[in-house]
Amino acid sequence: MQHLRVSQLRKSYGDHEVVAGIDLELRSGECFGLLGPNGAGKTTTLRLCLGLTDPDGGKITMFGLPVPQKAREARQRVGVVPQADNLDPDFTVCENLLVYGRYFGLAESEIRHRIPGLLEFAGLAMRGDARIQTLSGGMKRRLTLARALINDPDLIFLDEPTTGLDPQARHLIWERLRNLMNQGKTLFLTTHFMDEAERLCHRLAIMDRGRIVTCGAPRELIARYIEPQVVEVFGDGAERWAEDFGRRASERCEKTGETIFCYTHDADPIVHHLDGQNGLRYLHRPANLEDVFLKLTGRELRD
Amino acid sequence: MNAKDFRLPRFSLRFAHVWRRNRLVWRKLAIPSMLGNLADPMLYMLGLGYGLGAMLPEVGGMPYIAFLAAGTVCSSTMMSASFEAMYSGFSRMHVQKTWDAIMNAPLTLDDVLLGEAVWAASKSFLSGMAVLLVALALGLTHSALALWVIPVVFLTGLVFAGMGLIMTALSPSYDFFMYYFTLAITPMMLLSGVFFPVDQLPQAVQSVTGVLPLTHAVALVRPLMSGASPDGVPLHLAVLAGYAAVSFHVALVLTRRRLLK
């Protein structure tokens with residue numbers, strides 16, 4: 001069964017078409033990622049799916065209910081982790097969960113029954129009475145995630161859930177998200193962290209300028225678009241090395257910032273040649289999702 | 001502007017949870033909040049009422065302090081609802097993004113705004129009632145008719161909650177609210193019969209004050225507190241109810257345009 005189905009979705013602001021006719025399908029129990037540079041239309045897509053803004057065209061159904069017409073009913077089964085923290089600063093950790101649970105029409109006793117488990121999940125078991133201002137960024141994120149689970153949702157929207165977190169906090173969130181997947185929850189995630197998408201998502205779509213450029217499983221996309229080996233070369237003279245040798249020795253050679261990316265099926269000759277160069281540093285690695293992303297969305301800066 | 005922004009509100013009882021959320025915050029600060037809300041109107045009422053009142057014969061057929069007490073019930077309700085709907089409402093809408101969080105749950109903006117309007121009216125109701133109680137304690141009112149002041153004060157609170165929410169929907173920052181206070185609230189305070197009878201004003205000005213909601217609130221509350229039946233009750237109620245309903249709908253349309261784009 002599909003939890004969410006989107007077809008030919010469109011949304012414009014003035015002359016600017018932010019979502020330009022996209023199709024999506026979220027299967028039950030999967031983690032689906034929506035990737036794209038800043039301004040690609042990811043957040044607008046999420047808002048449209050939640051019924052928070054009306055589309056200019058296309059169709060959305062969530063749990064078989066038409067959105068935005070029946071968005072309120074559909075949201076009863078949805079949890080949302082927004083991009084910016086909007087926890088209630090006037091409340092303690094527990095009060096945040098309690099008040100949020102009421103919005104779903106849950107009985108006070110039912111919410112109180114759920115709170116200890118959610119605090120445990122968020123690693124905040126000892127902080128139930130803490131004020132929000134005293135929590136670290138990672139704790140706030142985890143509490144926001146716990147808050148999104150108060151109604152025991154089937155589908156969870158996460159808008160850049162680990163932006164602004166340190167690596168430890170990020171790994172902890174990933175672990176929790178995998179935990180949710182094991183419970184059979186469906187996740188709809190936006191991110192611009194490729195490692196996050198590669199780790200978590202069963203399938204993902206890369207979005208750019210309001211359109212979906214490609215869609216598939218992370219490994220499958222890498223295999224489809226990128227040569228298996230990558231050598232990144234940086235340091236003074238990297239550009240010259242690329243002109244003299246790199247371009248010839250690799251199947252594809254690209255430059256992003258001051259780094260040269262050599263894509264190839266056999267990296268040995270390149271690595272061998274680089275070992276003899278002074279002042280150049282390099283990194284030899286398998287191709288990853290970031291390579292796909294850069295290839296499909298371009299290498300210039302997006303603001 | 002989208003035609004759908006104009007559709008009539010559709011409420012659910014979930015609006016009560018928005019109201020309860022605000023009450024829970026308020027309860028933590030209830031005492032200082034009440035005292036802070038009361039200090040200003042009380043100073044005006046007692047200072048002017050006894051100080052200025054000592055030099056005046058009766059005003060509007062009653063001692064000046066009693067005259068002023070009735071006006072203060074209305075003006076403190078107006079102030080309290082306006083502050084709540086604007087400064088606190090703006091914090092929740094724009095700064096803390098509380099409304100966004102609520103709208104991710106099965107509530108709509110219509111519910112959120114109704115909860116906010118009823119909350120601001122409830123809070124201003126307490127301010128109005130506090131002044132009424134002080135007036136009662138000072139012996140400035142002793143008629144059972146004064147009980148009718150209670151619903152009038154709540155309705156007045158809804159009027160200024162709705163108008164305040166319009167400003168909140170339009171405001172880029174807190175500074176913007178000063179214009180509304182300077183251009184709407186203060187003139188109303190001075191021209192609607194709070195401090196002196198409206199009929200002291202030139203005829204031309206009186207025709208303007210006749211369309212101000214505070215004038216109609218005062219026209220109901222003052223006779224009720226002095227034990228007389230007000231004239232033109234249906235007109236006054238209709239004007240207040242009209243302001244409450246229309247301002248709420250305008251606020252809703254503007255907030256939809258701001259948040260649901």
Side-chain angles (χ1 to χ4, degrees), chain A residues 11-14 18 43-44 46-56 65 68-92 94-96 98-106 108 111 131-132 144 147-148 150-151 153 156-159, chain B residues 1-7 9-30 32-33 84 87-112 114-116 119 253 255-261:
Chain A
K11 178 77 182 176
S12 302
Y13 295 115
V18 181
T43 300
T44 304
L46 287 198
R47 284 173 53 79
L48 286 163
C49 291
L50 287 166
L52 298 174
T53 185
D54 292 344
D56 296 329
L65 298 165
Q69 297 82 355
K70 295 271 176 197
R72 181 207 291 270
E73 290 83 346
R75 286 203 300 270
Q76 189 73 33
R77 294 172 63 187
V78 166
V80 180
V81 178
Q83 199 174 108
D85 273 317
N86 54 21
L87 294 163
D88 234 314
D90 298 303
F91 293 147
T92 65
C94 277
E95 284 168 339
N96 261 284
L98 178 71
V99 169
Y100 211 72
R102 285 179 188 158
Y103 297 143
F104 288 87
L106 297 170
E108 197 105 350
I111 305 171
R131 295 187 64 83
I132 298 305
T144 306
R147 187 183 70 175
I150 192 79
N151 55 326
I156 304 162
F157 286 78
L158 302 120
D159 196 2
Chain B
M1 197 185 249
N2 192 333
K4 274 187 79 179
D5 291 340
F6 288 96
R7 74 184 150 71
R10 262 176 292 177
F11 303 126
S12 78
L13 285 176
R14 298 258 164 99
F15 87 89
H17 299 306
V18 179
W19 186 91
R20 288 175 77 194
R21 180 236 163 251
N22 292 345
R23 187 190 56 171
L24 183 60
V25 178
W26 173 80
R27 274 214 314 238
K28 295 175 177 238
L29 299 160
S33 156
E84 185 65 23
Y87 289 93
S88 308
F90 189 74
S91 294
R92 292 189 283 265
M93 174 187 76
H94 186 73
V95 183
Q96 300 172 191
K97 309 280 182 201
T98 311
W99 295 3
D100 288 341
I102 298 173
M103 285 188 288
N104 284 332
L107 277 87
T108 60
L109 184 60
D110 301 21
D111 300 324
V112 172
L114 180 64
E116 289 287 349
W119 167 250
V253 171
T255 314
R256 280 172 183 158
R257 200 177 56 161
R258 177 172 183 147
L259 296 184
L260 303 183
K261 60 175 190 293

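Residue numbers begin at 1 in each chain, while the letters A, B, ... track the order of the sequences. Values reported hereafter were calculated over all heavy atoms of this structure, with side chains retained and with hydrogens, waters and symmetry mates removed.
- Only the side chain of A:Leu50 comes within contact range of chain B, with at least one heavy atom under 4.5 Å from a heavy atom of that chain.
- In this structure, chain A has heavy atoms under 4.5 Å from both the backbone and the side chain of B:Arg21.
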Table please: side-chain donor-acceptor pairs of residues 100-109 of chain B below 3.5 Å, with sequence neighbours left out.
| unit_1 | atom_1 | unit_2 | atom_2 | d |
| --- | --- | --- | --- | --- |
| B:Thr108 | OG1 | B:Asp110 | N | 3.4 |
| B:Thr108 | OG1 | B:Asp111 | N | 3.4 |
| B:Thr108 | OG1 | B:Asp111 | OD2 | 3.2 |

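- When every heavy atom of B:Lys261 is checked against every heavy atom of A:Tyr13, the shortest pair comes out as O-OH, 3.2 Å.
- With a 4.5 Å cut-off on non-hydrogen atoms, A:Phe157 does not touch chain B at all.
- For chain A, the nearby parts of B:Arg20 are the backbone and the side chain; heavy atoms of each come within less than 4.5 Å.
- Using a 4.5 Å cut-off between heavy atoms, A:Glu95 touches chain B through its side chain atoms alone.
- Between A:Asp54 and B:Lys4, at least one side-chain nitrogen of the basic residue sits less than 4.0 Å from a carboxylate oxygen of the acidic one, meeting the salt-bridge criterion.
- For the side chain to side chain contact (heavy atoms under 4.5 Å, CB included) test with B:Lys97, the passing option among A:Asp88, A:Asn86, A:Asp85 is A:Asn86; the others fail.
- B:Arg258 pairs by the side chain to side chain donor-acceptor pair (under 3.5 Å) definition with B:His94, not counting sequence neighbours.
- With a 4.5 angstrom heavy-atom cutoff, B:Leu24 touches chain A via backbone and side-chain atoms both.
- The CZ atom of B:Arg92 sits 8.5 Å away from the CG atom of A:Asp90 when rounded to the nearest 0.5 Å.
- B:His17 approaches A:Gly105 most closely through the heavy-atom pair NE2-CA, 4.5 Å.
- Chain B forms the most heavy-atom pairs under 4.5 Å with one residue out of A:Pro153, A:Pro89, A:Ala74, and that residue is A:Pro89.
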